[in-house]
Protein chains: 2
Amino acid sequence: MPTLNEVARRAGVTAATVSNVLRNRGRVGEETRQRVLEAVAALDYRPHLTARALAEGRAPTLALMVSSIANPFYPEFALAVERAARESGHFVIICNTNEDPLAGRAILQQIAGTLSEGVLVMNANLDFDDLHTTQANGTPVVLCMWERPDDPPGLPCVAVDFRLAGKLAGQHLIELGHTRIGAIVGSKSMGIHASRYDGFADAMREAGLDIVTTNTIHAPDTVQGGYAATFELLARDAGITAIFATNDLPALGAIDAAADMGRSVPHDLSIVGITDILLAQQWRPPLTTVAVPTVEAAGLAVALLREMIEEPQRAADRSNRRWRLLAASEPHLVVRGSTACCLRR
Amino acid sequence: MPTLNEVARRAGVTAATVSNVLRNRGRVGEETRQRVLEAVAALDYRPHLTARALAEGRAPTLALMVSSIANPFYPEFALAVERAARESGHFVIICNTNEDPLAGRAILQQIAGTLSEGVLVMNANLDFDDLHTTQANGTPVVLCMWERPDDPPGLPCVAVDFRLAGKLAGQHLIELGHTRIGAIVGSKSMGIHASRYDGFADAMREAGLDIVTTNTIHAPDTVQGGYAATFELLARDAGITAIFATNDLPALGAIDAAADMGRSVPHDLSIVGITDILLAQQWRPPLTTVAVPTVEAAGLAVALLREMIEEPQRAADRSNRRWRLLAASEPHLVVRGSTACCLRR
């Protein structure tokens, strides 16, 4: 088995350069890179980085726990995480829990500390006790987009102010003159989207508007979920002129439902979502939504996790102070074609 | 550190049952499952399955190499792979190559045989030499949806007849009376979609129709790619009444482009795609497409890979005969709202 040094000698570079090429990090010129790769191929060198890392008690992957890879938000987020992780030579293992805390626990037990030296958690519906156990056993855990900055989870996290996102969405509809507004909450009543709905309620209350509770529906966080919820909302109250959805996917489903009911969006019905996934601008009409800082949050989460992996003591000191929660930038409204002035009074 | 047997004793079950619960396999009643999980928690047992597997020279993950996780087809496929893999206690590591064969090589070198005991390749644009090297080094490789059943790749694969898919799409448009048909090929000219275009050309030739080469455009395999290509196609020939796209995403982009140009789909322009991703039925109008057997191909690919992992000799014997290529079911046309009879003559 050839060694890293033999590869370096053949390529006429240092071992560090070979390592950089193989880990895709550092700045290496294209010509040098080619020479290293040729030497690797000629000697049939296989870098047992993983085996070595495992022998040292660590593995060069990060696990990203998500609740459903079929929801297009998660692949977008995973891509951002992967780009950030690649810079430190980490691969990302994407693990689906499919909203099942027991599946999540089984995955954590198998991968934490063995396959992965750190765990990123993105809305994976995990049992917090399991996460604390994982952390206590020495594998750092970071929550990627904590929805309630004012209510820290007791775990390192990157916080995004989703309550503000809900408020901005609500204010936008109210400024357009809408007063009878339906709401689609993409989870159960105490679920992950509760703070987004709270923000919407803030906007309504501040404008002196009543929330009609029957005009709020909890639905699966999918296009289909939003589609069915919109039919139900308009059956309950045909006078609704706007719909606030706590996530883009159900908002896109609401646009589909309006089209199939022969209601024109935005003139008969305005629709707003939250997140700004790529599909939001690709739908027709394109979706007005409140954009959250997805790429930034991914970068911050990876940076925080790397710090905890590389300098566990410093990270621990910091997290005892106030480094536990990193705040990402504020959400902002992106106006597109799915919202317009209310024509009905 | 408690052992598996101690957990089994405490839960009053066999060690095999504990193992089944932890690996999410086998049939275990909910009550027993709960008892096992309680014993696991009470003893703080952490199954070092991975460490053990690595000590034995294998790891309980499968790697799935894809070219872009941002393309919604891949998460759908990954989900199907993950479901099939879970049954044998495997986690799936999703690895993006972002169409870069060098990144693919680096990933293969780091994970094959160490982190993963098998590699599934889904259109990852990898160098075939790298795949042969991986295979020769003892890590089984399976190509998940090989596009040309009549031209086997020399590696184990699951084949899907994409040439037939292209032919079915073309025949559908021709039967509707379309003769001036634009084509959007979602890759470079000799790329992965070439066989789909060949099938379309088969249908045109058999109907005695000429392919106007300027009415064929190669474009990125994305919604945006199809959007721009449609503007370009209709600028070149405003008399085009239908568009064949080699993939659903550019077809969805074509629907967007038509909407933005004020051309009604399907009456002014019929559009057909290939694959039948979930978005196809969620777009408005919903997309007529040729469905390929995604879930079936995922199941076959995982089964073939497992066979190669578990019985390497038998798999080798078989592949020397004709087991190298498993054929998935034939594609079939799904007619939705994006195609209609040609009104222009």
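Residue numbers begin at 1 in each chain, while the letters A, B, ... track the order of the sequences. Please read all numbers here as calculations on a predicted model, not as lab measurements. Scope of the values below: all heavy atoms of this structure, side chains included, with no hydrogens, waters or symmetry mates.
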> Of all heavy-atom pairs between A:Arg284 and B:Ala259, which one has the smallest distance, and what is that distance?
Replying inline: CG-CB, 4.3 Å
> Going from CD1 on A:Ile94 to CD1 on B:Ile69, what distance comes out if it is rounded to the nearest 0.5 angstrom?
Replying inline: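 That separation rounds to 5.0 Å.
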> Roughly how far, to the nearest 0.5 Å, is the CG atom of B:Leu252 from the CH2 atom of A:Trp283?
Replying inline: 8.5 Å
Which region of [X], side chain (C-beta onward) or backbone (N, CA, C, O), has a non-hydrogen atom less than 4.5 Å from a non-hydrogen atom of chain A, or is it both or neither?
{"X": "B:Glu76", "value": "neither"}
{"X": "B:Leu278", "value": "side chain"}
{"X": "B:Tyr74", "value": "neither"}

> side chain to side chain contact (heavy atoms under 4.5 Å, CB included) between B:Leu37 and A:Arg105: does it pass, once the steps are laid out?
Replying inline: CA-CA 10 Å; B:Leu37 290 174; A:Arg105 180 186 295 174; 4.0 Å; yes
Region of [X] in contact with chain B, defined by heavy-atom distances below 4.5 Å:
{"X": "A:Asp129", "result": "neither"}
{"X": "A:Leu64", "result": "neither"}
{"X": "A:Thr133", "result": "side chain"}

>> Please identify, among A:Val92, A:Asn71, A:Asn96, A:Ile255, the residue contributing the most non-hydrogen atom pairs under 4.5 Å to chain B.
In response: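 Of the options given, most contacts go to A:Asn96.
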> Above 12 or not: heavy atoms from other molecules or residues under 6.0 Å from CD of A:Glu31?
Replying inline: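 Not buried by this count: 12 neighbours or fewer within 6.0 Å.
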